[in-house]
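Since we're looking at a predicted model, the values are computed, not measured. When a ligand or atom number is given, it counts from 1 through the structure's own listing order.
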Amino acid sequence: MSETAPRGPVPFGPVSYDDSGALCLSGTPLAPLAARFGSPLYVYSGAHISSQIQRLQNAFSALNPLICYAVKANMNTHVIRHVASHGVGADVVSAGELRRALAGGVAPEKIVFAGVAKQPAELEAGLAAGILQFNVESWAELEALNAVAARMGKVAPVALRVNPDIDAQTLAKITTGSRGNKFGLPFDDIPALVQQMQTLPHVRLEALAMHIGSQLFKMQPFNDAYRRLADLTRHLSSTGTELQRLDMGGGLGIPYAPEDGDGPDPVDLAAAAVEHLAPLGLPTIVEPGRFVVGNAGVMIADVVYTKESYDHRFLLLNAGMNDLMRPALYDAYHHILPLQHSNTAPVPQELAGPICESTDVFAKQRLLPPLAEGEQVAFLTAGAYCAVLANHYNGRALPAEVLLTGDGEGGTEAKLIRPAVSDADMIALEQAQP
Ligand code: LLP
């Protein structure tokens, strides 16, 4: 008999087994939450979110950037409110995310509006709210923004998003700053665009922005990107264009697997920013999403059935790729732990969902104690890009979301921050149409 998961801390910040073998998030046992709120269930630790923001603020203290949380990672308005309570702003990519940021209490002057195809109504919503800047990604978008601002009698603050053509050395499907990606403007086109912008009286260039990809573990791509950003800023300055700030984007990776250790240290990211950007003396913005919320979240699921088929042992869960899409979409790894610790020797098992698709598999040949029907598991690192990607495929509900408030040292309250959105809700919406 060998231990399948050690008692005490497991390598993901807020998740650990207590003395009775119950899996806990920031000290709160998870099984009772599933009994109370249903399964599948997303649970987030407010304490972990706070400590990640603190880590960033400490790491970046020399530069003191405006941290704009990338709402796309987890858009629940209660999560946003928790993040914003630390003085953090928001990076939004749609009118919907903008409304969510405002509803979550983010100050408009701390909101950056990114996105490659913002529509006139979305630009108008940003201007009406009085946000800090629009990160613009094409000449066509500049013209559209100019037209909307003219109609509203305003001048829109603009950051040009530069595509630095740098390989982020992360999953190809989440790389954004290479030539061939749809994102940003070609580096060499920027000086001419800046001149051309002077023909548009209702947009004002205030900044440059970059974002080269997500889940980066290596610092070299950040170093290269920040160096290019600094070079371009100096070049523009030498031709008479002074910027007011620089937006470094997000992308800092986090651990998903035990072999990832603690993941990259934000201190190293800050060092790259200090080396290249601090000499310019401009205020900066950083846009982390995953780093803030990723390891704060878990998704609980039940084993509905087990089955042996040929040489596979399947654990068939009540959660599917519609609830947690990252493995199906990116072949991403999520660590999975039983909610109740077991000393039974682990065996390879294939964890799959109920969806009628062959891609609805979370893990193949995963070593876990043999789980039985009715037992439960938690998917770790499910705070970022999981609930936001969930959908109703196969007539399924969206799982409920729970936020553990408090400091994780007791006094924690489990707050239902979104009930499940059921199939009945969807049917009612359809039937309400004439
Ligand atoms: N800023 C911009 C302009 C972005 O496009 C993104 C993420 C971020 C900031 C935040 O990046 P983060 O710090 O979270 O890496 N769904 C994928 C990730 C997509 C990232 C999209 N952009 C996944 O599940 O891995």
Heavy-atom contacts with [X] under 4.0 Å: which atoms of ligand 1 show up? List them by number with element.
| X | value |
| --- | --- |
| R161 | 3 (C) |
| E287 | 1 (N), 2 (C), 3 (C), 8 (C), 9 (C), 10 (C), 13 (O) |
| D91 | 1 (N), 2 (C), 9 (C) |

Determine whether a donor-acceptor pair (N or O, by modelled atom type, separation under 3.5 Å) exists between the side chain of [X] and the backbone of [Y].
| X | Y | value |
| --- | --- | --- |
| N58 | R55 | no |
| D360 | M321 | yes |
| N163 | F183 | yes |
| Q349 | L368 | yes |

Check: A114 N/O within less than 3.5 Å of ligand 1 N/O: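 No - when backbone and side-chain N and O of A114 are compared with those of ligand 1, no distance drops under 3.5 Å.
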Contact check: G251 vs ligand 1, nitrogen or oxygen atoms, below 3.5 angstrom: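 Yes.
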For [atom], what is the closest protein heavy atom, and at what distance to 0.1 Å?
| atom | result |
| --- | --- |
| atom 15 (O) of ligand 1 | S214 OG, 2.4 Å |
| atom 22 (N) of ligand 1 | K72 CD, 3.5 Å |
| atom 18 (C) of ligand 1 | R290 NH2, 3.6 Å |
| atom 17 (C) of ligand 1 | Y330 OH, 3.1 Å |
| atom 20 (C) of ligand 1 | Y385 OH, 3.6 Å |
| atom 24 (O) of ligand 1 | R326 NE, 2.6 Å |

R418 CZ to L403 CG distance, which is reported to the nearest 0.5 Å: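 Taking CZ in R418 and CG in L403, the distance rounds to 13.5 Å.
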Aromatic plane relationship, Y256 with H334 - under 30° parallel, 30 to 60° tilted, over 60° perpendicular: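 Answer is perpendicular, since the angle exceeds 60°.
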Mutual orientation of the aromatic rings belonging to Y226 and F222 [parallel < 30°, tilted 30-60°, perpendicular > 60°]: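 Y226 vs F222 ring planes: tilted.
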Salt-bridge present (R161, D247; N to O < 4.0 Å):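 Salt bridge flag = no for D247 with R161.
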Lys/Arg N to Asp/Glu carboxylate O, D165 vs R228, below 4.0 Å: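 So D165 does not pair with R228 through a salt bridge.
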Heavy-atom gap P288 to ligand 1 smaller than 4.0 Å: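 Contact check P288 vs ligand 1: positive.
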The one among H211, E137, M210 that brings a heavy atom closest to atom 8 (C) of ligand 1: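 Among H211, E137, M210, the closest heavy atom to atom 8 (C) of ligand 1 comes from H211.
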